[in-house]
Amino acid sequence: MPEKKFWNSAKIVSLSAIVISLFSLIALIYQTNLMRLEQQLTREAELKSKMPYVMIANKNYGGPNYAITLFNKGLGPAIIDSFSITTEDTTYQMDLATYFFEVVPGVAEINSLFYSNLLPGQLVPAGEEIDLISIDNSQEATNELLRLMENSPDIDYQLIYRSVYDERWVLTGEAFFPVKLED
């Protein structure tokens with residue numbers, strides 16, 4: 001009786017099919033991981049392309065058209081969540097203009113003084129500037145406002161805002177740039 005071979009054509013075809021299937025599975029898993037990575041990178045790029053970058057700064061300091069201005073230098077709008085001001089011993093849940101008018105004596109009597117409030121839910125478009133407190137063409141009024149600010153307690157502010165993708169950021173008077181808040 002002839003001796004049977006272990007490797008016959010049926011076993012070779014079956015083994016080849018299994019090996020090809022394993023390579024296909026490995027390729028599919030690799031391709032899926034690449035697609036996931038591409039999707040994550042696309043989302044990160046999209047988030048950065050819509051990121052607001054809010055700053056508060058003095059404009060024309062000491063001049064007759066002095067202003068404390070909020071700038072959105074980012075590429076996307078900022079949505080205001082909250083604004084608070086902290087002095088040595090007290091925290092006020094109010095914006096800068098309200099603080100100066102309600103807490104710092106004498107500010108409300110300054111002529112040529114204009115202000116804008118920041119309210120929760122307010123949208124600050126990209127590239128927008130909002131003069132929170134401003135003096136319109138009066139050196140005397142600027143000098144008086146700066147004198148009142150120097151004689152009042154030191155303050156720190158905290159502005160929390162978010163992007164259209166609900167990424168939250170905080171800007172404080174101690175930092176020069178916003179910091180992303182982790183959820």
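In terms of modelled atom types and a separation under 3.5 Å, the side chain of Q122 and the main chain of D81 share no donor-acceptor contact. Judged by distance alone, the side chain of D156 and the main-chain N or O of T86 form no donor-acceptor pair under 3.5 Å.
To the nearest 0.5 angstrom, K73 atom NZ is 11.5 Å from E128 atom CD. The OG1 atom of T42 lies 5.0 Å from the CD atom of E38; values are rounded to the nearest 0.5 Å. Taken to the nearest 0.5 Å, the OG atom of S82 stands 12.5 Å off from the OH atom of Y161. In this structure, CD on E174 lies 10.0 Å from CD on Q158, to the nearest 0.5 angstrom. Once rounded to the nearest 0.5 Å, the distance linking OG of S21 with CG of L28 reads 12.0 Å. Taking OG1 of T142 as the reference point, atom CD1 of I135 lies at 5.0 Å (rounded to 0.5 Å).
Ion pairing between E144 and R147 holds under the 4.0 Å rule for side-chain N and carboxylate O. The pair E182-R168 does not meet the salt-bridge criterion, since no charged nitrogen lies less than 4.0 angstrom from a carboxylate oxygen. Using a cutoff of 4.0 Å between basic side-chain nitrogens and carboxylate oxygens, K180 and E167 are scored as salt-bridged.
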- Verify side chain to side chain donor-acceptor pair (under 3.5 Å) between D131 and T69, making sure each step is shown before the conclusion. CA-CA 4 Å; D131 287 339; T69 305; 2.7 Å; yes
- Checking side chain to side chain contact (heavy atoms under 4.5 Å, CB included) for the pair L118/L132: CA distance, chi angles, key distance, verdict? CA-CA 8 Å; L118 288 179; L132 302 176; 3.8 Å; yes
- Full working for side chain to side chain contact (heavy atoms under 4.5 Å, CB included) between I56 and Y157: CA-CA 10 Å; I56 295 178; Y157 61 84; 3.6 Å; yes
- Message: Before you tell me yes or no, could you show the steps for L70 and V124 under side chain to side chain contact (heavy atoms under 4.5 Å, CB included), namely the whole-Å CA-CA distance, both residues' side-chain angles and the distance that decides it to 0.1 Å?
- Response: CA-CA 9 Å; L70 178 131; V124 181; 3.8 Å; yes
- Message: I'd like to know whether I68 forms a side chain to side chain contact (heavy atoms under 4.5 Å, CB included) with M149, so could you lay out the CA-CA distance, the side-chain angles of the two residues, the decisive distance to 0.1 Å, and finally the verdict.
- Response: CA-CA 12 Å; I68 299 172; M149 287 170 47; 4.0 Å; yes
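In terms of heavy atoms, Q93 sits closest to T91 at NE2-CG2, 3.7 Å. P52 and N72 get closest at one heavy-atom pair: CA-OD1, 3.7 Å. Here the closest heavy-atom approach between residue P77 and residue V164 is recorded as CG-CG1, 3.6 Å. Taking both residues in full, the closest heavy atoms of G62 and Q139 are given as O-NE2, 2.7 Å, listed atom of the first, atom of the second, then distance. The two residues G74 and A126 come nearest to each other via the heavy atoms O-CB, 3.5 Å. The minimum heavy-atom distance linking L171 with V54 is given by the pair CD2-O, 3.5 Å.
Under a hydrophobic clustering in which Ile, Leu, Val, Met, Phe, Trp and Tyr are joined whenever their side-chain heavy atoms come within less than 4.5 Å, directly or via other members, I18 and I20 fall into different clusters. Put simply, I79 and F83 are part of two different groups of oily side chains (I, L, V, M, F, W, Y) that touch within less than 4.5 Å, one to the next. Hydrophobic clustering, with ILVMFWY side chains joined whenever heavy atoms are under 4.5 angstrom apart, groups Y53 together with I160. Cluster annotation: I29 is not connected to L37 through the hydrophobic network of ILVMFWY side chains, with a link wherever side-chain heavy atoms come within less than 4.5 Å. Cluster annotation: I155 and I133 are assigned to the same hydrophobic cluster (Ile/Leu/Val/Met/Phe/Trp/Tyr, side-chain heavy-atom contacts under 4.5 Å, transitive).
Counting non-hydrogen atoms of other residues, nucleotides and ligands closer than 6.0 Å to CG of D154 gives a total of 12 or fewer. The number of heavy-atom neighbours closer than 6.0 Å to CZ of F71, taken from other residues, nucleotides and ligands shown, is above 12. Heavy-atom neighbours of E140 CD from other residues, nucleotides or ligands within 6.0 Å: at or below the threshold of 12.
A perpendicular orientation is assigned to the rings of Y66 and Y61, their planes being inclined by more than 60° (bins at 30° and 60°).
Between W169 and M51 the shortest side-chain heavy-atom distance falls below 4.5 Å. Side-chain contact between F114 and D136 is present, with at least one heavy-atom pair separated by less than 4.5 Å. Within the 4.5 Å cutoff, the side chain of T32 has heavy atoms near those of the R36 side chain.
Judged purely by distance below 3.5 Å, without hydrogens or angles, the side chains of N60 and N65 never pair a donor atom with an acceptor atom. N117 and T98 share a donor-acceptor pair across their side chains, judged by distance under 3.5 Å alone.
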